[in-house]
Amino acid sequence: MAQSQEVIAYDSTLLQALDNSLTVSRMAPYLALAGGDPVHAYQVYLWNARLAKAFLYPLGVVEVTARNSMHRALTKEFGTADWVLRPENHYAHFNAATLRSHKVAKDRLLNSLAGTQPTADQMVAALSFDFWSNLFRPEYNVLWATGTVLTDTFPMMPAPVTSIKARQLMAGINHLRNRIAHHEPIHRLNLQEEFDKISETVSYICGDTQSWMKKCSTVTQTLRAGPPKKSSLPGLQVSSTNIRQPLELSFDMPLTTALSAIIQQRPQVAMVLDQNGTSSLVTGLQILQFMEKNAIENSGGILISDETLSDVIANTDAPQVDYISPDDTTGDVLALFFPRGKKAKRPQYLIVKDDRRILGVIQNPVVKYV
């Protein structure tokens, strides 16, 4: 799905190879969006590919659902399912472009069947979405105004049911489909709106099918999981996850009070502010280590009644931390927690911080779930 299962090192050799294979001109709009950063440009390119793949399923559902419904309606109008095998025999106003498109599909189908005559169902499946969507062009308004053809095709469309509305929906879907088929950028489009149009079209034919399609689609999740900035691993934006502001405690807070508060947090950490406003991350484990040290030094007795968080900070090793932006992704988080190389820095916690404040703390999951 255009996503790596491990961190990729975008060194000069790989970047040059990719530029040669995909071409600089093709990557130009991605590079512009990435502010000239070639690594991030390829992350945007991969995100675009993931979006394209996510759309293949709903596009397939709307295409198959629409063409089948159109075929049923026209079968009712023409009195036979075989209209699709020889359309010119049943409607005199199919234009030359439509008939050419039909001939190309039929010739290809005949070739695949080694000369055996196709069935109506086989012909319906062989015709391109261009063929079906183009039947809503203005020159076919008379066809859709005949009898109940249009309402039979879109039985759930609210009144007024018009071929103009159907044409706008089908043409828009076909345009997106063709962009994806030709590997064009789609990430700058309003893709939530595009998905809603697909869903709307299916709903006009069958509400249950629309519900099933939406529940099984990954479009919304892929839209939320934008391109990572620091890693080749994709993921959701950190700001969209359930991070919560960490507990803030004063450096002179008594240890018993602090421990009671920290152990109720997830993760069990707090940001401790000193008299200068400088913050330090303190963990429940640090406090326990301090208490253990205190007990050893006092022959088994624990004298913490006069101890404060400042004593913990001064007498224990601070946890290894790194910082990450809320605009970074969970893929970036994973890359920081599990970097390449045995000697690479591996933070125990990531502090999520924007330009103004600390937004959350993420604890190293220990196990790499990929």
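Throughout, numbering of the chain's residues begins at 1 and tracks the sequence.
Proximity of a side-chain donor or acceptor of Asp19 to a complementary backbone N or O of Val24 within less than 3.5 Å is not detected. Remark: side-chain polar atoms of Asp311 are paired, donor with acceptor, to backbone N or O of Thr308 under 3.5 angstrom. Side-chain atoms of Thr222 come within 3.5 Å of backbone N or O of Thr218 as a donor-acceptor pair. Looking only at distances, a side-chain donor or acceptor of Asp328 sits under 3.5 Å from a matching main-chain atom of Ser325. In this structure, Ser199 contributes its side chain and Asp196 its backbone to no donor-acceptor pair below 3.5 Å. Of the possible polar contacts, one joining the Thr241 side chain to the Val238 backbone as a donor-acceptor pair under 3.5 Å is found. At distances below 3.5 Å, not a single donor-acceptor pair connects side-chain atoms of Ser133 with backbone N or O atoms of Met170. Counting only distance, with no hydrogens or angles, the side chain of Asn364 and the backbone of Pro347 share a donor-acceptor pair below 3.5 Å.
Outside the 6.0 Å centre-distance limit, the rings of Tyr91 and Trp144 are not counted as a close aromatic pair.
For the residue pair Gln286 / Thr316, a side-chain donor-acceptor distance below 3.5 Å is found, with atom types taken as modelled. A donor atom on one side chain and an acceptor atom on the other are found under 3.5 Å apart for Trp83 and His71. At a cut-off of 3.5 Å, with distance as the only test, no side-chain donor of Asp121 or Thr119 sits close to an acceptor on the other residue.
Under the 4.5 Å side-chain contact rule for hydrophobic residues, Ile186 and Val219 share a cluster. Leu110 and Leu127 fall into different hydrophobic clusters, where Ile, Leu, Val, Met, Phe, Trp and Tyr are joined by side-chain heavy atoms under 4.5 Å apart, directly or via other members. Note on Leu273 and Ile358: separate hydrophobic clusters, where clusters join Ile, Leu, Val, Met, Phe, Trp and Tyr whose side-chain heavy atoms are under 4.5 Å apart, directly or indirectly. Ile173 and Leu189 end up in the same hydrophobic cluster when Ile, Leu, Val, Met, Phe, Trp and Tyr side chains are linked at under 4.5 Å.
The salt bridge (charged side-chain N to carboxylate O under 4.0 Å, His left out) contacts involving residues 161-185 comprise Glu63-Arg177, where partners must be two or more places apart or lie in separate chains.
Enclosure of atom CD1 in Ile164 is not indicated, since only 12 or fewer non-hydrogen atoms of other residues, nucleotides or ligands lie within 6.0 angstrom. In Lys106, the NZ atom is crowded: over 12 heavy atoms of neighbouring residues, nucleotides or ligands sit closer than 6.0 Å. Residue Glu88 places its CD atom among more than 12 non-hydrogen atoms of other residues, nucleotides or ligands, all under 6.0 Å distant. Atom CG of Asn190 sits in a crowded spot, with more than 12 heavy atoms from other residues, nucleotides or ligands closer than 6.0 Å. Residue Asn20 qualifies as enclosed at atom CG: its count of foreign heavy atoms under 6.0 Å is above 12. More than 12 heavy atoms of other residues, nucleotides or ligands lie within 6.0 Å of CZ in Arg346, so this atom counts as buried by the packing criterion.
Residues Tyr349 and Pro267 come closest through the heavy atom pair CE2-CB, 4.5 Å. Between Ala120 and Val84 the shortest heavy-atom distance is O-CG1, 3.6 Å.
Partners of Arg137 under the side-chain hydrogen bond (donor to acceptor under 3.5 Å, both in side chains) rule, at least two apart in sequence or in another chain, are Asn134. Under the salt bridge (Lys or Arg N to Asp or Glu O under 4.0 Å) criterion, Lys197 pairs with Glu193, sequence neighbours left out.
Below 30°, between 30° and 60°, or above 60°: for Phe154 and Phe136 the angle between ring planes is between 30° and 60°, a tilted geometry. Ring geometry for Tyr42 versus Tyr10: interplanar angle under 30°, hence parallel rather than tilted (30 to 60°).
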(request) Start with the C-alpha gap between Thr98 and Tyr140, add the side-chain angles, then the distance that decides, and say whether side-chain hydrogen bond (donor to acceptor under 3.5 Å, both in side chains) holds. (result) CA-CA 11 Å; Thr98 297; Tyr140 292 112; 2.7 Å; yes
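Leu33 has its side chain within reach of Arg188: a pair of non-hydrogen atoms, C-beta onward, lies under 4.5 Å apart.
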